[in-house]
Amino acid sequence: MVQSPVRIGIVERKENQTNGSIAHKESKPSLSISENHEHNVKVSPRENFCLYLSLTIGSLGAIFGDIGTSPLYVMHTIFAENPSPKREQCIGAVSLILWNLIIVVTIKYSGFILMADNRGEGGAFALCGLLTGENSRLRARAKHIISIISIFAASLLIGDGALTPAISVLSAVEGLATTSVELQKWVLPITILIIIGLFVVQIFGSGKIGLIFAPVMFAWFVVLCSIGIWRITFEPAILRAFNPWEAVSYLIREKRKGFLQLGGVFLSLTGVEALYADLGHFGRWPIRTSWLCVVLPSVMSNYLGQGALLMQHPEAISNPFYNAAPNWARWPLIILATIATVIASQAIITGVFSLLSQATALGFSPPLRVIHTSRKVIGQIYVPAINWMIMLITISITLYFRTSEHLAHAYGVTVCSDMLITTILYMCVIRYVWKRHWICSAFFGLFLFVDGFFLSANAVKFFEGGWVALVIAIFFFIIGFSWYYGQTLLRQYLHSYAQTTALFQLPTRLGFPNVTSAAIVEAKNEELERSKSLPLERQSTVTTDADNGRRTIPIINILPPSATLTNDERNESRSSSTSPTQENLFRTSLTGHVTFTVTPGLGIFLTTSSRHTPHVFERVLARVHALPEVSIFLKLEYARIPVVDISQRLKVQKYGSDQRYFYHITARYGYSEHKVHLLDILELSAKEYSIPVPESRNITFFIPAISIRVVRKGWRVLPSKLILCIYSFLKNSFPFGQRNIHLSPDHTVSVGMVVPL
C-alpha cells in the first residue's frame, strides 16, 4: 500500500505558511553572550570599564569583608596562651600571617585557581563540572569519584558558611565589653538580632548588597590601613616581618607551640574559599583588582600595626585590635567594626548560594528554587531555602558557643579540608582537562604541603569544637550524595526497563503514515541550525529522560484486550477506528501491539528530550489506552541571558501527516524569568504557529510522579538502603524536578510510576 508522505520539521509562523506547505523563514541573528557582553561575568577593564569598576567596588562589600575583618581576632587567638609575647615572637607571628596571605590568597587563589571557571562559575562544583565534562580525559568511574569528592568539598564550605557569620559578628560586638563590663550581657542578644537581619536582606541580591556595603567596607579598609601605618611609625622594626626567614625561624624556635599556633594564623584566611565560590557573582578581574589594590595592603598594614603595638605593650594582647586605635576612636571603631563584620558574613553566604545553584545543575542536589537578582551578571542569585536553613544553624551555633574565643576552636577544620580538596581537583584539571604536562600539575601540588600543615594544626582542635562544623558538613553531604546516588540508579533503571519511542517513529507505531528518511534528515538539519540561536545552559536538574545513552524501543509490547482477536476482527477494528465518524472508538496500530482511543482535547506531556517520547506519555498510553486529540511534547530550556525575546521564545516541530499531527515545543526562558506559565506558552503557540489549542481550555498537563520503593534487604546493604530511603523522601518532595513552573491544578494530572531500587 502506498502511504502518503509525512511532513516533519520546524513549524514557522502563520505569515510564512502558504498553500499548506511549510515555509522556512530566514534565520534570525544569533543571540549570544558575546553580543550581549554585559551579561558575561568574565569582565575585564578592556571590555567594559564601567561594569568592571562597578563589580570591583561591589566585591569589596560582598567578598572581602570576611578576610578584611579577620584582624579583629587573629593576633589575640595566636597568643591566647601567651599573655606577654616577646618582640621576636611578635615579628615571627606577623611574618607567618603576611606570607600566608601572599602565598595562599595572592598566588594560589588569585593567581591560579580563579582561572578555573566553569562558564563563569567558581567553587568545588566548577572544578567538578570541568573534570566530568566532555573535554575531560577521565574515565567514567573516575568521574563518579570526582563527583562524590566535590559534593563533600561543597558540604564543607556550607559548614563554614554557618560558622563564619557567628564568629565575625560576635568578635565585633564583643568590643562593647572593652568599654564597660555591664554591656557584656547584651553581646549575645545584639549578635542574634544582627545575624537575623543579615539573612533577611539576602533577598535583595549580592550585587545590590555589595554596592550598598562597598562604601562602608572601603572606609573600613582605610581605617585598617591608617591604624596600621600609625602604629608602625612607633616601632619600624616590625617591618622585618616581610622577611620570610622570620616566619621559618619562628616555627623552628617555638617547635610544637609554634605548630599549634598555625591554627590561629590560619584564621587570617577566613573567607578565602568564598573568594573562589563567589567568582560567578563578580568575575575574575574585579576580584583580583579589589584584593591587590585595596584589601591586601590594608590588612597587611593592620597586622604590622598590631605587631608593633605588642612589641611596645605586650599587655595589650587582651584585644590588640581595639587597643591599637586611639582612645577617642574606640566607640566609632566598635560601630564600624560591627557593621563591617555583618558585611563580612556576606561573602560566605553568596558563595553557598552559588554552590547550591551549581549542585542543582549538576544533579547533586534536589531542584531548589533559585532567584536571579541581577539582569547583568548571571551568577548573582538567591536561594531562599538554603538561606533560612543556614540562618537557623548559625543562630544555634552562636547560642551554643556564646563567645568568639570558643568559636575560634570550631573554625578551621572544614575550611582546611576544603582547601586541600580544591588543590587536588585543580591539579586534576591541569592534567586531564587543560592537558598540560604532569610537571605543571606537580608544581601546583607544592601547595599541598601548605594545606597539609594548616589541616594538621587545626585537627588538634577537633574535640574543642571543630566537630560542630564537620557534623554540619556531613549532614549536607548525606543529602547531596543520597540525591546523586538515587538519581544514578533511577537513570539506570529507566534505561533498562522503561521504554520510549523516537519521535519520528511515533506516527508509524500508532498506525499513522510512515516517515520518509529524507524528511527526517531535513528536520534534523533544521533543528541543528535553529539550536544555535540562543546560548543555552544545562537543564537545572538531572533528568531521567536524557537523550544520551537512551535505549529506544519503537514499540511497547502492551497486550490490550483486543490481542485475542482474530486477524479479520483486528482488520475490522482497524478500519473502523480510522473512520471519521467513529473517532472515539478504540484504534489498533498497524503492528497490532498498541490499542488506544482518541479522546477530545489537548494533552501536554512535559519532557526533557528533543528526540524521544517522555516516560509519562508511555505510561498514559500503556495504562489508560488513550491518546488526546492533539498531543504536545513540551520541553523547557534556560538561556544564559536575562530575558528571551518573545520572537525567539518557541521552537516547534511537527510530526505525522494531515491525518494526525504530534507537536514538540521547545520553550526558552532567560535566567531572570522566574515564573513560567505553561498556559501562556500554549496561547503563544496558537497565535504564532497555528497549533490547535481549544478555546474551551479543554487542556490537560501530564507530569511524572515517580515514587521510589526501597526493596533491598539484609544488614549488608543497610548503608545503601538508608541512602535510598533518604532519596525516596527527597524524590517525593520534588517529584518532577523542574524549577519555576506554575501549573494550574485544574489542568494537571500526575502520572505515577513506582520504581523499585
Side-chain angles (χ1 to χ4, degrees), residues 67 70-71 73-111 224 228-229 231-270 272 296-318 320-321 323-324 408 411-412 415-416 419-420 423 443-461:
I67 296 180
S70 58
Y73 46 82
V74 170
M75 292 296 291
H76 173 70
T77 304
I78 292 175
F79 295 113
E81 299 180 359
N82 186 2
S84 182
K86 299 178 181 179
R87 291 176 60 89
E88 294 300 321
Q89 289 177 326
C90 295
I91 295 174
V94 173
S95 182
L96 281 172
I97 295 173
L98 297 185
W99 284 100
N100 190 26
L101 294 172
I102 293 172
I103 294 175
V104 178
V105 184
T106 306
I107 298 177
K108 178 183 175 181
Y109 276 87
S110 179
L224 286 183
I229 294 175
R231 280 295 174 183
I232 292 172
T233 58
F234 293 102
E235 191 64 56
I238 191 62
L239 296 177
R240 289 168 48 195
F242 280 107
N243 183 358
W245 175 248
E246 294 290 345
V248 176
S249 62
Y250 176 76
L251 292 177
I252 295 175
R253 290 195 311 269
E254 299 296 327
K255 297 180 181 179
R256 182 178 183 275
K257 184 178 180 181
F259 174 75
L260 296 178
Q261 287 179 342
L262 285 176
V265 174
F266 180 78
L267 292 176
S268 63
L269 300 178
T270 306
V272 66
L296 181 61
S298 300
V299 296
M300 290 178 70
S301 299
N302 194 264
Y303 284 124
L304 289 168
Q306 291 186 44
L309 171 68
L310 295 178
M311 291 173 67
Q312 288 185 317
H313 305 283
E315 68 278 2
I317 191 61
S318 59
F321 176 79
N323 291 330
Y411 188 87
V415 182
C416 286
M419 290 174 57
L420 184 66
T423 303
F443 177 77
F444 188 81
L446 295 175
F447 289 107
L448 289 174
F449 292 100
V450 180
D451 299 335
F453 271 115
F454 281 124
L455 180 60
S456 301
N458 282 280
V460 299
K461 301 186 299 182

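In this text the structure is predicted, and so the values were computed from the model without any measurement.
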Distance check, rounded to the nearest 0.5 Å: [X] atom [atom1] versus [Y] atom [atom2]?
{"X": "L224", "Y": "I229", "atom1": "CG", "atom2": "CD1", "value": "11.0 Å"}
{"X": "N243", "Y": "S249", "atom1": "CG", "atom2": "OG", "value": "8.0 Å"}
{"X": "N82", "Y": "C90", "atom1": "CG", "atom2": "SG", "value": "8.5 Å"}
{"X": "Q312", "Y": "E235", "atom1": "CD", "atom2": "CD", "value": "5.0 Å"}
{"X": "W245", "Y": "I252", "atom1": "CH2", "atom2": "CD1", "value": "4.5 Å"}
{"X": "L304", "Y": "I232", "atom1": "CG", "atom2": "CD1", "value": "4.5 Å"}

Restricting to non-hydrogen atoms, name the atom on [X] and the atom on [Y] that form the minimum distance, rounded to 0.1 Å.
{"X": "P71", "Y": "I67", "answer": "CD-O, 3.8 Å"}
{"X": "A241", "Y": "V94", "answer": "CB-CG1, 3.8 Å"}
{"X": "S268", "Y": "S70", "answer": "O-OG, 3.8 Å"}
{"X": "A316", "Y": "L310", "answer": "C-CD2, 3.9 Å"}
{"X": "K461", "Y": "G263", "answer": "NZ-O, 4.1 Å"}

R240: which residues meet the side chain to side chain donor-acceptor pair (under 3.5 Å) condition with it, sequence neighbours left out? E88, E246
What do you reckon, is CZ of F234 surrounded by more than 12 foreign heavy atoms closer than 6.0 Å? yes
Under 6.0 Å from the CD atom of E81, do we count more than 12 heavy atoms belonging to anything else shown? no
Is the closest side-chain heavy-atom distance between [X] and [Y] below 4.5 Å?
{"X": "N100", "Y": "L262", "result": "no"}
{"X": "V415", "Y": "L269", "result": "no"}
{"X": "F447", "Y": "I103", "result": "yes"}
{"X": "I97", "Y": "I78", "result": "yes"}
{"X": "V272", "Y": "M419", "result": "yes"}
{"X": "L420", "Y": "L448", "result": "yes"}
{"X": "D451", "Y": "K108", "result": "yes"}
{"X": "F321", "Y": "H76", "result": "no"}

According to the interplanar angle, ranging from 0 to 90°, do the rings of F259 and F453 count as parallel (below 30°), tilted (30 to 60°) or perpendicular (above 60°)? perpendicular
Step-by-step side-chain contact (heavy atoms from CB on, under 4.5 Å) determination, S95 to Y250: CA-CA 9 Å; S95 182; Y250 176 76; over 6 Å; no
Between N323 and H313, does the side-chain contact (heavy atoms from CB on, under 4.5 Å) criterion hold? Intermediate values first, please. CA-CA 10 Å; N323 291 330; H313 305 283; over 6 Å; no
After noting the C-alpha distance and the side-chain angles of R231 and N302, does the key distance pass the side-chain contact (heavy atoms from CB on, under 4.5 Å) rule? CA-CA 9 Å; R231 280 295 174 183; N302 194 264; over 6 Å; no
Backbone N/O of G445 and side chain of T423: donor-acceptor pair under 3.5 Å: no
